[in-house]
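So the structure is just underneath, and the comments pick up after that.
Quick note: residue numbers are just sequence positions, from 1.
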Amino acid sequence: MIPAALRANPSGWLVVGFCFAALMAVYATRSSIGLMMPFWEAEPGWTRDHASNAGALALLLMAVVSPFAGNLIDRFGPRAVCAGGLCCVAIGVLATAAATRDWHLPAFYGGLVGIGSGAIAMPMVSAAIAQYFASGRGLASGIGFSGATGGQLVALPVLGLMVTALGWRGTYTALGVATLAIAAVAWLLLRRRPEAAEETDARALAPVGERLRYVLSSGTFWLLAIGFLICGFSTAGVIEVHLIPYAEFCGFAPIEGATAYGVHGAFNMVGVILAGFLADRLHRPRLLASIYFVRVLLFAMLTQVAGSLPLLFVFAALYGFFNFAAMPVVAHIIASRMGVGVIGLAMGLIFGGHWLGAAAGAYLGGAFYSLWARYDELWVVAALAVALAGCLSLFVPEDRRREPALQPA
């Protein structure tokens, strides 16, 4: 199947490969903050609170920048946005490598890296890929999205080896140079205004106010946006922040909790690619609802893992499989239901909500634990919220009339 798809759209699959590499670089940079904290404490003396605040600033800027970057991709194509975003990340990393004062970290890492990451995050990848694909868009998006997991699974361990050999400044210098190289590839590879096999959506050329009104007046958008806000609450907020502390609360050693999180990350990549493949072939709202409903059952499983390391690993694998799986399905629905011409703007707004939900989940987990010294209430709230997301997804209309039929492999 994939060889036939490569022959049919070689330039499109080159873009998918670029998106994979770009997300790997960006997510490795974002994930590296935890790796660098002990080194920053030793030199130049930045505390963990100071580093955490810089990371929070980066997330906030990502939520703000994403809708604007997505709108620019819709209007002008992905070339300048992707290359510019990667350059911003690279300059931020290189400047951080040379930083000496306290204000340098929030300015360079929190500011420049945050702005650049907002321009090259998953919403932008979904918009870029959608402009190069009419058939097989789900699988292409899934493979492109999996670069985010690759940044955590592949690039981050490499950075761990490098920081031991080169120090944190040498490691960040190498990472910045590599990201600049990917930015150059973006400028050479991406066309200004690619056209998928379908006709270019005229909404891409409409004024931004008109396009924003169109997106915000869509019931489909709000059903997906509310569901994805809950998705961010239950994944990036609740599980990614609190799984390892919960494992330690259940009596597991820190290395066992960290290993479980690694298993979770490994299955992310498999799940997002398979979900993208299925989105090309199945009823997408039902597929999205199924992903959410399975998470409800997994939260019930999570309450039973204490004392059973195998069960913890089973949970981590299954939740990882269904963690990123919603992303290509949502992007696929937006592209065909609302049009390629607004996918960047719509996905940017949806992901802004996703990150707000993630912040709420991270905060609520800490607040609940402070109140009751346990996590049970957090899992119950998360399960109920995800059940609501699943129910909302069932009301999303299915519409494939804008898409050509898939070609046989």
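For F68, the CZ atom sits in a loose shell: 12 or fewer heavy atoms of surrounding residues, nucleotides or ligands are nearer than 6.0 Å. Heavy atoms of other residues, nucleotides or ligands lying less than 6.0 angstrom from CZ of R286 number 12 at most. No more than 12 heavy atoms of other residues, nucleotides or ligands shown are found within 6.0 angstrom of CZ on F267.
Although no hydrogens or angles enter the test, the distance criterion places no donor-acceptor pair under 3.5 Å between the side chain of W222 and the main chain of S217. Looking at D74, its side chain does come within 3.5 Å of a backbone N or O of L345 through a donor-acceptor pair. Of the possible polar contacts, one joining the Y246 side chain to the L302 backbone as a donor-acceptor pair under 3.5 Å is found. Proximity of a side-chain donor or acceptor of T303 to a complementary backbone N or O of A300 within less than 3.5 Å is detected. Formation of a donor-acceptor pair under 3.5 Å by the R295 side chain with backbone atoms of F322 is found in this model.
Contact check for P78 versus Y132: side-chain heavy atoms found under the 4.5 Å cut-off. When side chains are defined from C-beta on, V238 counts as touching W379, because their heavy atoms get closer than 4.5 Å. With contacts defined as side-chain heavy-atom distances shorter than 4.5 Å, the pair I333/M338 does not qualify. Side-chain atoms of S146 and F324, non-hydrogen and from C-beta on, never get closer than 4.5 Å to each other. With contacts defined as side-chain heavy-atom distances shorter than 4.5 Å, the pair N268/V272 does not qualify.
By the side-chain contact (heavy atoms from CB on, under 4.5 Å) test, F252 pairs with A247, C250, E256, L309, L312, sequence neighbours left out.
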For residues 346-369, run the donor-acceptor check on the side chains, cut-off 3.5 Å, and write out each pair with its distance to 0.1 Å, sequence neighbours left out.
none

Donor-acceptor list for residues 90-99 side chains, cut-off 3.5 Å, not counting sequence neighbours:
from, atom 1, to, atom 2, distance (Å)
T96, OG1, G92, O, 2.7

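For R337 and E398, the salt-bridge test fails: no basic side-chain N is under 4.0 Å from an acidic carboxylate O.
Taking the ring centre of Y214 as origin, the terminal cationic atom of R211 falls outside the region bounded by 6.0 Å and 45° from the ring axis.
What you find for A260 and A316 is that their closest heavy atoms are O-CB, 3.2 Å. In terms of heavy atoms, L57 sits closest to G111 at CD2-N, 4.2 Å. Nearest approach of V16 to G144, heavy atoms of both residues: CG1-N, 3.9 Å. Looking at every heavy atom in both residues, L394 comes nearest to A289 through CD2-CB, 3.6 Å.
No hydrogens or angles considered: a donor-acceptor pair under 3.5 Å links the side chains of H264 and N323. Between the side chains of Y172 and S32, at least one donor-acceptor pair of N or O atoms lies under 3.5 Å.
Shown are V342, I343, T220; of these, the side chain to side chain contact (heavy atoms under 4.5 Å, CB included) with V215 is made only by V342.
Remark: aromatic rings of H104 and F108 are close, center separation under 6.0 Å. With ring centers used as reference points, F20 lies 6.0 Å or more from F145.
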